[in-house]
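Contents: one structure, followed by commentary.
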Amino acid sequence: MQSSAISFSPPISLPGKRGSSSFFRFDPISLSPARAETQPLRIGSAIAARRLSPIRCSSDCTSSAPKLSRDGWISTPLPAQERESGGVEVRATSVPESAGEASQSKGLMDTLVLGSLFGLWYLFNIYFNIYNKQVLKAFHYPVTVTLVQFAVGSVLVTLMWGLNLYKRPKISGAQLAAILPLAVVHTLGNLFTNMSLGKVAVSFTHTIKASEPFFSVLLSAMFLGEFPTLWVVSSLLPIVGGVALASMTEPSFNWAGFWSAMASNLTNQSRNVLSKKFMIKKEESLDNITLFSIITIMSFFLLAPFTLYSEGVKFTPAYLQSVGLNVNQVYTRSLIAALCFHAYQQVSYMILQRVSPVTHSVGNCVKRVVVIVTSVLFFRTPVTTINALGTGVALAGVFLYSRVKRIKPKPKTA
């Protein structure tokens, strides 16, 4: 069964081959088309039209009812005034139902894949924060913990390239020089996040990190000359107010954890600004997943000497046993946290390739809500009414910010 769309247009003359004029002759009695010398004229979506020769028919030919030939052509008799000059006959466009079903099936599959990626993004975030917090509560060396996460990520990237699971990039010296500032702020951002998680509750760290849009707007205005609209500035007010309200009533509050989370916001948003300012040439550009993989390896080499200098070698079985820690438990939780850290970053970039930045920003806001709620339930974090209100207001401001970012100012008219 096929569905057809038919349209008609006024009489036109189509040139034949080699400059001659040829016509499509139609027998109204047998309804069988004669030989045509011209090629079909494509109009719109696969519609072919041909010039008709003047026809002779009986009076019933003036009927408006269409006539169907054996090969699928449709002819509608022309009014008397148009018979002198001929008419146009249009072939129906046939769309198999199987094609429509295939399109619907593909759309459904794309939706399921995107939904699965969002689910994995949230799940990996939840597991990373829970296991990472457990490790940091027992092992008070955030620099070493961060280095372990970069080390596991570097091994995964190397395996991914070695097994041809992802194309290994060819990096020039100029590209490495452009990526280096991104790697530095990426390293600092993750280090400050772990320092904050080691000092305060997971829910409080993520409440403070909800103020990232404020730093994004500030740094973009300072270094890129991108000044915010009134709508964007208005959306920042509940973010700042909510974070302040939550901080004043946070049971686990301490200044080290607070400023570490704020420093994480600053460095993470600096990474976004630098990625625009130090844009690699278009013909040499790298996709997001490859760029993140390179940054992960560079971050490991950047942090390794600083770790040895500041904390020494503290992740050996001998040292862990000497301080009364369960070696297998610490190693297992550290490995899971590192795997989830790298996995959620990769999935985040995969989602960004499929949706707009605004949609990704909204999804990131929802992710933060999910992480805060699950961490409160898992760790049984005490939450006051005012603290919950402040967190809710801040997250609502983040959601509002992600929506108004797409509102562009109207161009000024003279």
Side-chain angles (χ1 to χ4, degrees), residues 121 124-126 128-133 135-137 140-150 153 181-220 222-223 236 239-240 242-244 246-247 250 252-275 292 295-296 298-300 302-303 306-307 310-311 337-338 340-342 344-345 348-349 360-361 364-365 367-372 375 390-391 394-395 397-398 401-402:
W121 189 23
F124 287 139
N125 261 276
I126 292 171
F128 165 71
N129 282 279
I130 289 176
Y131 281 101
N132 197 38
K133 178 64 176 179
V135 171
L136 289 168
K137 284 178 66 176
H140 306 291
Y141 296 96
V143 183
T144 300
V145 171
T146 307
L147 180 66
V148 170
Q149 292 168 2
F150 286 139
L182 304 180
V184 171
V185 292
H186 178 77
T187 304
L188 293 175
N190 287 280
L191 175 59
F192 285 131
T193 298
N194 282 335
M195 291 173 65
S196 179
L197 288 172
K199 296 292 184 179
V200 297
V202 174
S203 56
F204 184 54
T205 295
H206 282 276
T207 299
I208 300 173
K209 286 177 68 65
S211 60
E212 282 183 347
F214 173 81
F215 291 92
S216 177
V217 171
L218 180 64
L219 293 173
S220 296
M222 290 175 60
F223 297 103
L236 296 179
I239 296 176
V240 176
V243 169
S247 301
E250 171 60 34
S252 66
F253 179 87
N254 68 67
W255 287 108
F258 175 83
W259 287 117
S260 296
M262 283 295 184
S264 174
N265 288 340
L266 180 62
T267 51
N268 284 333
Q269 294 310 307
S270 297
R271 178 185 60 194
N272 296 339
V273 172
L274 286 173
S275 65
F292 170 70
I295 287 176
T296 298
M298 294 179 71
S299 296
F300 170 74
L302 288 171
L303 191 60
F306 179 74
T307 303
S310 62
E311 294 182 351
C340 290
F341 169 76
H342 191 77
Y344 90 73
Q345 297 270 12
S348 174
Y349 286 124
H360 188 273
S361 180
N364 190 56
C365 177
K367 178 210 73 177
R368 204 173 295 284
V369 175
V370 172
V371 170
I372 289 175
S375 65
T391 301
L395 294 174
V398 174
Y401 169 83
S402 65

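Using a 4.5 Å cut-off on side-chain heavy atoms (C-beta onward), Phe192 and Leu266 make no contact. Between Ser196 and Met262 there is no side-chain heavy-atom pair separated by less than 4.5 Å. Between Ile239 and Pro213, some side-chain heavy-atom pair lies under the 4.5 Å cut-off. Side-chain atoms of Thr296 and Gln345, non-hydrogen and from C-beta on, never get closer than 4.5 Å to each other. Using a 4.5 Å cut-off on side-chain heavy atoms (C-beta onward), Asn129 and Lys133 make no contact.
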(message) I'd like to know whether Gln149 forms a side chain to side chain contact (heavy atoms under 4.5 Å, CB included) with Asn194, so could you lay out the CA-CA distance, the side-chain angles of the two residues, the decisive distance to 0.1 Å, and finally the verdict.
(response) CA-CA 11 Å; Gln149 292 168 2; Asn194 282 335; 3.4 Å; yes

(message) One pair to check against side chain to side chain contact (heavy atoms under 4.5 Å, CB included): Asn125 and Val370. What are the steps and the verdict?
(response) CA-CA 9 Å; Asn125 261 276; Val370 172; over 6 Å; no

(request) Tell me, with the steps shown, if Val243 and Phe214 meet side chain to side chain contact (heavy atoms under 4.5 Å, CB included). (result) CA-CA 11 Å; Val243 169; Phe214 173 81; over 6 Å; no

(request) Applying side chain to side chain contact (heavy atoms under 4.5 Å, CB included), run through Phe258 and Phe204 and close with a yes or a no. (result) CA-CA 9 Å; Phe258 175 83; Phe204 184 54; 4.2 Å; yes

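Looking at residues two or more places apart in sequence or on another chain, you find no ring-ring contact (aromatic ring centres under 6.0 Å, His included) involving Phe215. The ring-ring contact (aromatic ring centres under 6.0 Å, His included) test applied to Tyr344 returns Phe128, Phe341, not counting sequence neighbours.
Across all non-hydrogen atoms, the minimal contact from Val148 to Ala338 is O-CB, 4.4 Å. Contact record, Glu250 with Ala201: OE2-CB, 4.1 Å, taken as the closest heavy-atom pair. In terms of heavy-atom proximity, Ser375 sits nearest to Ile372 at OG-O, 2.9 Å. Ile295 and Ala183 get closest at one heavy-atom pair: CG2-CA, 3.9 Å. Across all their heavy atoms, Val200 and Ser252 have their closest contact at CG1-O, 3.3 Å. Here the shortest heavy-atom pairing between Ile208 and Ala261 reads CG2-CB, 3.6 Å.
The aromatic rings of Trp255 and Phe253 stand perpendicular to each other, their planes meeting at an angle above 60°, with 30° marking the opposite boundary. Between His186 and Phe292, the angle of the ring planes goes over 60°, which puts this pair in the perpendicular group of the 30/60° scheme.
Of the N and O atoms on the side chains of Thr146 and Asn190, not one donor lies less than 3.5 Å from an acceptor on the other residue. Residues Thr187 and Ser299 have side chains that bring a donor and an acceptor to within less than 3.5 angstrom of each other.
One finds the OG1 atom of Thr205 at 10.5 Å from the CZ atom of Arg368 (value rounded to the nearest 0.5 Å). Remark: Phe223 CZ to Leu218 CG distance equals 8.5 Å, nearest 0.5 Å. Distance check: Ile126 CD1 to Phe124 CZ gives 11.5 Å after rounding to the nearest 0.5 Å. With rounding to the nearest 0.5 Å, the separation of OG in Ser264 from CD in Gln269 is 9.0 Å. With values rounded to the nearest 0.5 angstrom, Thr144 atom OG1 is found 10.5 Å from Leu136 atom CG. One finds the CG atom of Leu302 at 12.0 Å from the CG atom of Leu191 (value rounded to the nearest 0.5 Å).
The side-chain contact (heavy atoms from CB on, under 4.5 Å) test with Ser211 singles out one residue from Asn265, Leu236, Val398, and that residue is Asn265.
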